[in-house]
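Read the structure below first, then the notes.
Any value given below was found using the heavy atoms of this structure, including those in side chains, with hydrogens, waters and symmetry copies removed. Here the structure is a predicted model, which is why all the values come from computation and not from measurement. Chain naming here is simple, since letters A, B, ... match the order of the sequence lines and numbering starts at 1 in each.
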Amino acid sequence: MPHDLPKAYEPGAIEARWAEFWVNEKLFSAPNPEPGDSRPRFSLLLPPPNVTGRLHMGHMLNQTQMDIIVRWHRMRGFLTLWLPGTDHASIATQMMVERQLATEKKRRQDLGRDAFIERVWCWKRHYGGAILEQMKRLGASVDWDREYFTLDENLSRAVREAFVRLYEEGLIYRGKYIVNWCPRCGTAISDLEVKHEEAPGKLYEIRYPVVGSDEFITVATTRPETMLGDTAVAVNEKDERYKHLHGKKVRLPLMNREIPIITDEVAQPEFGTGAVKITPSHDANDFEAGLRHNLPQIDVMDERAKMNSNAGPYAGLDRSEARDRVLNDLREQGFLVAEKDYTVALAKCDRCGTVVEPRLSLQWFLKVEPLAKRAIEVVEKGYIHFKPENYKQIYLNWMCNIHDWCISRQLWWGERIPAWCCLDCGETIVARDSPSQCTKCSSGRLEQDPDVLDTWFSSGQLPFTALGWPEATADLAAFYPTSLLITGFDILFLWVARGMIMLSCWFMSPPHRPLAEGEKPLDSEAVLRESVPFREVYIHALVRDADRQKMSKTKGNVLDPIEVIEKYGTDATRFTLASMSSPGTDIAFNPSRTEGYRAFANKIWNAARFMFMNVDRIGSGGVANGSFKSSKGISGFAPVALEDRWILSRFNRVAGGVDTALRAYRFDDAARAIYDFFWGELCDWYIELIKPRLLAEGEADGKSARASCANLVLLFEASLRLLHPIMPFITEEIWHAIYDGEPPLRSIALAAYPQIDSGQVDGVAENDISILQDVIINIRNLRAELKVEQKVKVPVQIYAADSAIRTLIQQNQGAIERLANVDSIAFSEKSLANLAGARGTTRFDVLLIYEKKIDAAVERERLRKDLDRYEKEISNGQRQLQNEQFLAKAPKQVVEGIRKRAEELEILIRTTRSKLDGL
RNA sequence: GGGCGGUUAGCUCAGUUGGUUAGAGCGCCUGCCUUACAAGCAGGAGGUCGCAGGUUCGAGUCCUGCACUGCCCACCA
């Protein structure tokens, strides 16, 4: 670091340089673990961003938290792996490319499947790395050597393997069921990809004429267009109103079809008219009812939600046009008897917002029950621990009510389902590799299932597939289960629960768990415990904008992390996110806060500049040698003066506090503790206190100056290590400078993380310094009240009953004089407390000797206010002290505290009164 | 329809298992270009902790109800 540093910290160039350095030096590549390596392991998976993705604030929060935890572990000596990769994100990516095609006025069908997929690969090669490049800029200390893409050949093979095994176990089946169908995307989606919304709508009542009578039966529906596919009307068996109609038929209006009246539980007498139309092809409940009663299924729409030929005269109409026409016709023909305002529940595609159509179609499903059972057990037994803990219950509730998972998608981009259909005999063949002939009829005319797998089905396997499953790889042995997962609750069910926990517990248990040669199978208790994808899940909050609004493109309130970074620096942005990561609430990201942390970076920068301006005197280089290895306290720090003992003690306590905070994922506490220490103690007091020694010239003080320089560098070096996980860039920069560009390690990230050394904690020094701070602050207060000009030095009188305090003040007279701008200190024989213009605590009083009169009116008001407060407080205190129950029940410390405070208050009240009288 | 959060200074948020005087940053006011830092230094104003009850010697903290607000889940026509 050159000595003519800019006065203001400029993060841009520095951060870019280190980001590149970390990647190029492969600093964070986890070594291939040796069998004998007994270091504790720490591994975690980066939730893979979509290849199509651009970094947003949520990513940055997520990655900042992970990076803090990862760097912290690495510095504490863990063998650490943070595994990055990207997700092919079948539906999202396909949409992206289709949108691009649309600008060329083309559809994917115009290209054909192969050409379209090639186009996506092209696109992926071109734009796919963007988000990872952005991650590098954040300083994410991932292992770039192990980076994967979910369609890499080894991962694809693993996913096919998993599919085949599940199929062979009878857990994957194919069937025609009602699924959520997005007419715009043209594919089935799972229930978790559907968002429910409420919207004002209508409840229509339609009467169906009963065959062979003049009667009508009136049904209620919010979706009249589906009546074209009705195959029954249901009433409740117990419903007296309809008992006489059991077994009869109705004539379906518009379609002129006779359909039966059935009795079924779906019809609830209290709702609407108590009679419900049954459309098995367009409603999940009706589908079930249809199966119970053997009803025909009449599908009246196509895959784009246009009416098909089954809809008779309505064929070709879009579903909403069809609704209007049906209603019109019903109205004209007198079948529509009521239209009531009604709040309808709309199901929308999570991706594109199109209203989902329940649609009967042939799909692949995963039978989740046996997998869910394990997924419940591992959480109940505490093998996976949720943080915050309330997610455990949310998870369990959900997992207990889980439905079978539709895993096929009618998309082109993705992991193709490894199933083939024999064009001759219709046999379905599920195989790891493309079969050459039908297993049943030996025909060679086989066609692969056109569908691809739900992305979450493959990404749910990443904890084990990304480590090498189904092979017994060294990585799998060394790093599975991973230690931690940090993610947002938005993908808790989609990815964490239904994906990773369910699939990992299944495939990392016997018989699927691969065993290395000579490895003993797990005992029964360990089977479950070791099958989990991660031992802990930390769920982080959502990042909102400064007005607590969800960031969204449509609202235009999306904050681009890269822009924030360019303005304030990565370190400041990371620090903002860390300091706002308190549990329970969302994060309202306010750049004014980031501005404050940029100032913090600047403060550190300038403290470093100051240090380097003085450290010359004893030569740079070697001062801090060895201390970077000290994981306890600061090794080599040799206290000479009181403030040395104090700052060493404070450093240790802060290190202890940070450790506690990070263990509990209290990033905010950790950040605050370091901030307060660095700025409020190291800069505001320690540096100010040692300045005279640091700047001292001449032989007499030379030794002391050298010692304080050495201590300052050691302190600084250790403080940088403490801060490094949160602010990696500036700490790296200054750390290298401390070693004059020749550090003992390639990076501060490889140095030891400071831990508390209780031997370096010094309560006496902390207490003494706090008295001196009180003295100085009281004098500063007086100066401000008396409006003493900044430059004028003033003599003070101090009274202290305790001789130890007098000694302390005498010994540190120079410091007081400098920091409070005092030119002499005289001790008074008697208390000064009663004098107007004096201040103090129970331990001492100070009085300024200054001719300027205080403003009596202002002073009187201030004193009155104080007096009020004191009197209120003392009356509270005395009431408590007179209360026998309080004395009997409250802890001794509390009673003692209040008693002491009451004594203090009595003095304060007395002196305040006499000051008032004096005025 | 179930469930979960939030409500503390003008703004954004901390506040451990109930315990002496409820904190920080930003903003605001006053004074300082004090040789590391004006992105700074020193000092200051500003809060009946959403409302109403209850438990307790003692409640921002625990309990009940209410209000406002955000979110998750849910096949009710």
Side-chain angles (χ1 to χ4, degrees), chain A residues 5 7-9 178 191 196 203 219-223 234 266-268 271-273 275-279 283-288 342 344-345 347 358 388 390-391 393-394 397-398 401 403 489-490 492-493 542 544 546 548 550 568 579-580 582 584-590 592-593 595-614 664 666 668-669 672 675-676 683-684 687 691 695 777 780-781 783-785 787-791 820-821 869-870 873 876-877 879-880 883-891 893-902 904-905:
Chain A
L5 299 170
K7 273 170 85 171
Y9 177 56
I178 291 274
D191 44 1
H196 296 275
L203 184 65
V219 299
T221 181
T222 55
R223 302 206 47 207
V266 289
Q268 288 169 21
F271 187 90
T273 59
V276 58
K277 63 194 259 323
I278 302 292
T279 324
D283 182 281
N285 281 321
D286 295 5
F287 174 77
E288 297 292 333
Y342 190 72
V344 295
N390 58 325
Y391 283 103
Q393 204 48 50
I394 295 173
N397 285 345
W398 184 82
N401 296 307
H403 302 297
F489 69 83
D490 50 330
L492 178 63
F493 302 132
L542 198 71
R544 298 167 171 281
R548 311 209 113 268
K550 220 173 184 167
Y568 303 107
S579 70
M580 300 196 74
S582 36
T585 52
D586 287 341
I587 295 176
F589 191 94
N590 196 331
S592 76
R593 199 108 169 212
E595 212 175 318
Y597 296 125
R598 179 185 60 177
F600 178 51
N602 190 51
K603 187 76 184 177
I604 295 167
W605 182 255
N606 277 291
R609 277 180 67 218
F610 176 75
M611 174 175 69
F612 291 124
M613 287 165 109
N614 297 286
R666 288 303 305 262
D668 58 330
D669 282 350
R672 201 182 354 266
Y675 180 97
D676 289 345
C683 291
D684 287 351
I687 288 182
K691 263 182 185 171
L695 303 170
I777 287 168
R780 284 174 180 168
N781 281 333
R783 292 180 60 101
E785 280 159 24
K787 298 208 182 339
V788 180
E789 281 160 53
Q790 214 80 21
K791 283 177 188 160
N821 215 12
R869 215 177 58 231
Y870 296 149
E873 201 189 326
N876 278 341
R879 197 170 51 235
Q880 277 177 295
N883 186 323
E884 277 172 35
Q885 299 227 39
F886 170 72
L887 296 175
K889 288 181 183 171
Q893 280 176 320
V894 174
V895 177
E896 201 38 48
I898 291 181
R899 190 166 280 146
K900 259 193 167 153
R901 178 64 184 165
E904 235 173 79
L905 283 166

Please tell me which of the listed nucleotides, [options], lies nearest to the side chain of [X]?
| X | options | result |
| --- | --- | --- |
| A:Lys603 | B:U56, B:C37, B:A74 | B:C37 |
| A:Asn781 | B:C75, B:A39, B:G43 | B:G43 |
| A:Lys7 | B:U21, B:G43, B:A38 | B:A38 |
| A:Ile777 | B:A39, B:G43, B:A36 | B:G43 |
| A:Trp398 | B:A36, B:A74, B:U20 | B:A74 |
| A:Gln790 | B:U12, B:C32, B:A14 | B:C32 |
| A:Ser592 | B:C26, B:C71, B:G5 | B:C26 |
| A:Asp684 | B:C41, B:C76, B:C57 | B:C41 |
| A:Phe886 | B:A14, B:C57, B:G43 | B:C57 |
| A:Ile898 | B:A36, B:U20, B:C4 | B:U20 |

Identify the nucleotide, in any strand shown, that forms a Watson-Crick or G-U wobble pair with [N], with both distances under 3.5 Å; if there is none, say none.
| N | result |
| --- | --- |
| B:C4 | B:G70 |
| B:C33 | none |
| B:C49 | none |
| B:G25 | B:C11 |

Checking the side chain of [X] only, and the main-chain atoms of [Y] only, is there a donor and an acceptor separated by less than 3.5 Å?
| X | Y | result |
| --- | --- | --- |
| A:Asp283 | A:Pro358 | no |
| A:Asn606 | A:Lys7 | yes |
| A:Arg593 | A:Met580 | no |

For [X] and [N], give me the distance from atom [atom1] to atom [atom2], rounded to whole Å.
| X | N | atom1 | atom2 | value |
| --- | --- | --- | --- | --- |
| A:Glu873 | B:G58 | CD | C1' | 15 Å |
| A:Tyr391 | B:C71 | OH | P | 14 Å |
| A:Lys787 | B:C29 | NZ | P | 16 Å |
| A:Gln885 | B:U55 | CD | C1' | 13 Å |
| A:Asn602 | B:C26 | CG | C1' | 17 Å |
| A:Phe493 | B:C4 | CZ | P | 13 Å |
| A:Asn876 | B:G19 | CG | C1' | 13 Å |
| A:Asn606 | B:C37 | CG | P | 6 Å |

Are OP1 or OP2 of [N] and a side-chain N or O of [X] less than 4.0 angstrom apart?
| X | N | result |
| --- | --- | --- |
| A:Lys691 | B:A36 | yes |
| A:Asn821 | B:C32 | no |
| A:Arg666 | B:G15 | yes |

Please report the distance separating the [atom1] of [N] from the corresponding atom of [M], rounded so that it comes out in whole Å.
| N | M | atom1 | answer |
| --- | --- | --- | --- |
| B:U55 | B:C72 | P | 39 Å |
| B:U34 | B:G50 | P | 45 Å |
| B:A59 | B:C49 | C1' | 11 Å |
| B:C26 | B:A45 | C1' | 16 Å |
| B:C11 | B:C51 | P | 15 Å |
| B:A42 | B:A24 | P | 14 Å |
| B:G58 | B:A74 | C1' | 44 Å |
| B:U61 | B:G6 | P | 13 Å |

Touch check for [X], heavy atoms < 4.0 angstrom, all strands: base, sugar-phosphate only, or nothing?
| X | value |
| --- | --- |
| A:Arg780 | sugar-phosphate |
| A:Pro891 | base |
| A:Val266 | base |
| A:Gln268 | base |
| A:Ala284 | nothing |
| A:Tyr568 | nothing |
| A:Ala902 | nothing |
| A:Arg783 | nothing |

Distance criterion of 3.5 Å, no angle test: do you see the side chain of [X] paired donor-to-acceptor with the base of [N]?
| X | N | result |
| --- | --- | --- |
| A:Arg869 | B:U21 | no |
| A:Asn883 | B:C57 | no |
| A:Gln880 | B:C57 | no |

Starting from the 5' end of RNA chain B, give me the residue, A:Lys889 or A:Phe489, whose nearest nucleotide shows up first.
->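 Per heavy-atom nearest nucleotide, the more 5' residue is A:Lys889.
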Given RNA chain B, 5'-ward residue of the pair A:Arg672 and A:Leu887, judged by closest heavy atom =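 Closer to the 5' end of RNA chain B: A:Arg672.
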Distance from A:Ile898 atom CD1 to A:Lys900 atom NZ, nearest 0.5 Å?
->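 Atom-to-atom, A:Ile898:CD1 and A:Lys900:NZ are 13.5 Å apart.
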Report the distance from atom CD of A:Glu595 to atom CG of A:Asn590, rounding to the nearest 0.5 Å.
->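 A:Glu595 atom CD to A:Asn590 atom CG measures 9.5 Å (nearest 0.5 Å).
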Do A:Tyr342 and A:Thr222 get their side chains close enough for a donor-acceptor pair, meaning under 3.5 Å?
->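 Note: A:Tyr342 and A:Thr222 side chains miss the donor-acceptor criterion.
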Between A:Arg672 and A:Asp676, is the closest basic N to carboxylate O distance under 4.0 Å?
->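 Salt bridge: no.
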Could you tell me how the ring of A:Tyr9 sits relative to the ring of A:Trp605: parallel (under 30°), tilted (30 to 60°) or perpendicular (over 60°)?
->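 Taking A:Trp605 first and then A:Tyr9, their aromatic rings sit tilted (interplane angle of 30° to 60°).
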Ring geometry between A:Phe489 and A:Tyr391 (parallel below 30°, tilted from 30 to 60°, perpendicular above 60°) |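 The rings of A:Tyr391 and A:Phe489 lie parallel, inter-plane angle below 30°.
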